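A short write-up of the structure that comes next.
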Number of protein chains: 2
Amino acid sequence: MALTNLPAPGSRTIQMKKRPIGAKRRLNETRILRAAERVFAEQGFAAASTAAIARIAGLPKANLHYYFRTKEALYRRVLESIIAGWVETADPIEAGADPRRALSAYIAGKIEYSRLRPHASKVFANEILHGAPSIAGRLRGDLKTWLEAKCRVIEGWSAAGKMARVDAKHLFFIIWAATQTYADFDVQAAALLGRRKLRPADYRAARALVTLMVLSACGLS
Amino acid sequence: MALTNLPAPGSRTIQMKKRPIGAKRRLNETRILRAAERVFAEQGFAAASTAAIARIAGLPKANLHYYFRTKEALYRRVLESIIAGWVETADPIEAGADPRRALSAYIAGKIEYSRLRPHASKVFANEILHGAPSIAGRLRGDLKTWLEAKCRVIEGWSAAGKMARVDAKHLFFIIWAATQTYADFDVQAAALLGRRKLRPADYRAARALVTLMVLSACGLS
DNA sequence: GTCTATATATCGATAGAC
DNA sequence: GTCTATCGATATATAGAC
């Protein structure tokens, strides 16, 4: 019976402190993930160094590797949280909704996402740009299935005479491109507009024009 | 008079061969530039190694550094040729043209550029995505001036009652995004369409929808 | 869990023989 | 101009004391 008092595999040592178990782990992981999103966005996966991420997160590099064994594992965790947020913005596109309101809300949400989380968009863009080495499987799998469901909603609206017929997949590709460009290429837009950085009014102008283009193409204006 | 037979500074040794002077240099530089555009596109500047570029160009790494002293210098040369081609596609946008035909031709040309030179678009995208470290100056300078001239053409059409009033700069940003996404994110579009790679029909569908969106937003459909 | 020191690998760039 | 060998810098990842 010598082994009966050992913790079961995977369980944690009993803690008598007030701090909830794993609280420090969660705190440090969150700090690292936030710093990683920023550095991966600004430099790309290859140029991002774990040393830079650790410095911004405010802890030694060895600690980062204690929480995330490899740079690749850290990167995948960052990517996953980004994809989750990315999928969520399409919630307005559902069968019961009014096409004009749903598409307007979707575009507004995507532009807002670009404004508030430009780093997330850039990490995702960098991943796709270089061949999607870490998420090609998901693109061909669950994300393709998810997109097809959203496209059936659009096609349902068209079939019901609520909007014109359009190529739904390409409609999504173009909406993504037109909205995410204000995150991914914000530096270009700002420079060409003669600003140091984009202003709220710029995002409003972008939202208005993208919305006009989509609605008029769908016969909804 | 011992020195009179030496070549003047900067001149080349007299060649008696049939090959034109500097032909080999041009050949090798072209090979390197082509290989570099591909590797910079696929891997990004940071991840691209001069060894990989040299291997694809078919010569030893030391030779690459003989023709281009640094990786950065090679990159800048690649970027410049890309920007030149990028500017050229906007030729149809000129004051004397008919707005409908001009915008349609511009969009068609941009989609064609994405199809034929996806590497060029990706190198440019990667540059902007990570803060445009090598071309921020041009964006704030000659490219901004160039864009403003193109915007005055659009605004002239609107003032003449030939098309609706739109925010010209954002119109360009969105056309760039919607057309370049078929190069930059070709992997994503192909995966979500269930293909190994994009087909001519996909580019036609993209061109048709982008054109419809732009023309209808400009009151031209 | 934390942190210093370091092993190991890779890359950009160049020296120097041909 | 070409190419082998190599230097120096920097990166990821880990060992091991605390």
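Reminder, nothing fancy here: chain letters follow the sequence lines and each chain counts from 1. Excluded from the calculations below are hydrogen atoms, water molecules and symmetry mates; all remaining heavy atoms, backbone and side chain alike, are included. Owing to the predicted nature of the structure, the values given are computational and were not obtained by experimental measurement.
- Within the nucleic acid shown, B:Tyr67 comes within 4.0 Å of sugar-phosphate atoms alone, with no base atom in reach, counting heavy atoms only.
- At D:dT12, none of the side-chain N or O atoms of A:Arg69 fall inside 4.0 Å of OP1 or OP2 (strictly under the cut-off).
- Each of C:dT4, C:dA15, D:dT12 was ranked by its minimum atom distance to the side chain of B:Ala62; first place goes to C:dA15.
- Following rounding to the nearest Å, A:Phe40 (CZ) and D:dA11 (P) show an atom-to-atom distance of 14 Å.
- Taking the six-membered ring for Trp and thresholds of 30 and 60 degrees, B:Phe173 and B:His170 have ring planes more than 60 degrees apart, a perpendicular arrangement.
- In this structure, A:Leu74 places its CG atom 16 Å from P of D:dA11, rounding to the nearest Å.
- Listed pair A:Lys24 / C:dT2 meets the phosphate criterion, a side-chain N or O lying under 4.0 Å from OP1 or OP2.
- By the 30° and 60° cut-offs, the orientation of the rings of A:Trp146 relative to A:Trp86 is tilted.
- Within the 4.0 angstrom heavy-atom criterion, only backbone atoms of the sugar-phosphate kind lie near A:Ala48; the bases stay farther away.
- What you find for A:Ile56 and A:Ala35 is that their closest heavy atoms are CG2-CB, 3.7 Å.
- Between the CD atom of B:Glu29 and the P atom of D:dG1 there is a distance of 9 Å, given to the nearest Å.
- We find that CG of A:Asn63 is positioned 18 Å from P of D:dA17, with the value rounded to whole Å.
- Note that the CG atom of A:Leu209 and the CE atom of B:Met213 stand 9.0 Å from one another [nearest 0.5 Å].
- Heavy-atom nearest nucleotides on DNA chain C were determined for B:Tyr66 and for A:Tyr66, and the one closer to the 5' end corresponds to A:Tyr66.
- Rounding to whole angstrom units, CZ of residue A:Phe68 and P of D:dT12 are separated by 15 Å.
- In terms of position along DNA chain D, the nucleotide closest to B:Pro60 lies nearer the 5' end than the nucleotide closest to the other residue of the pair A:Lys61 and B:Pro60.
- We find that CG of B:Leu27 is positioned 15 Å from C1' of D:dT2, with the value rounded to whole Å.
- Atom-to-atom, NE2 of A:His65 to P of C:dG1 comes out at 17 Å; the value is rounded to the nearest Å.
- Per the geometry, CG belonging to B:Leu64 stands 13 Å off C1' belonging to C:dC11, to the nearest Å.
- Between A:Phe40 and B:His130, the distance from one ring center to the other does not fall under 6.0 angstrom.
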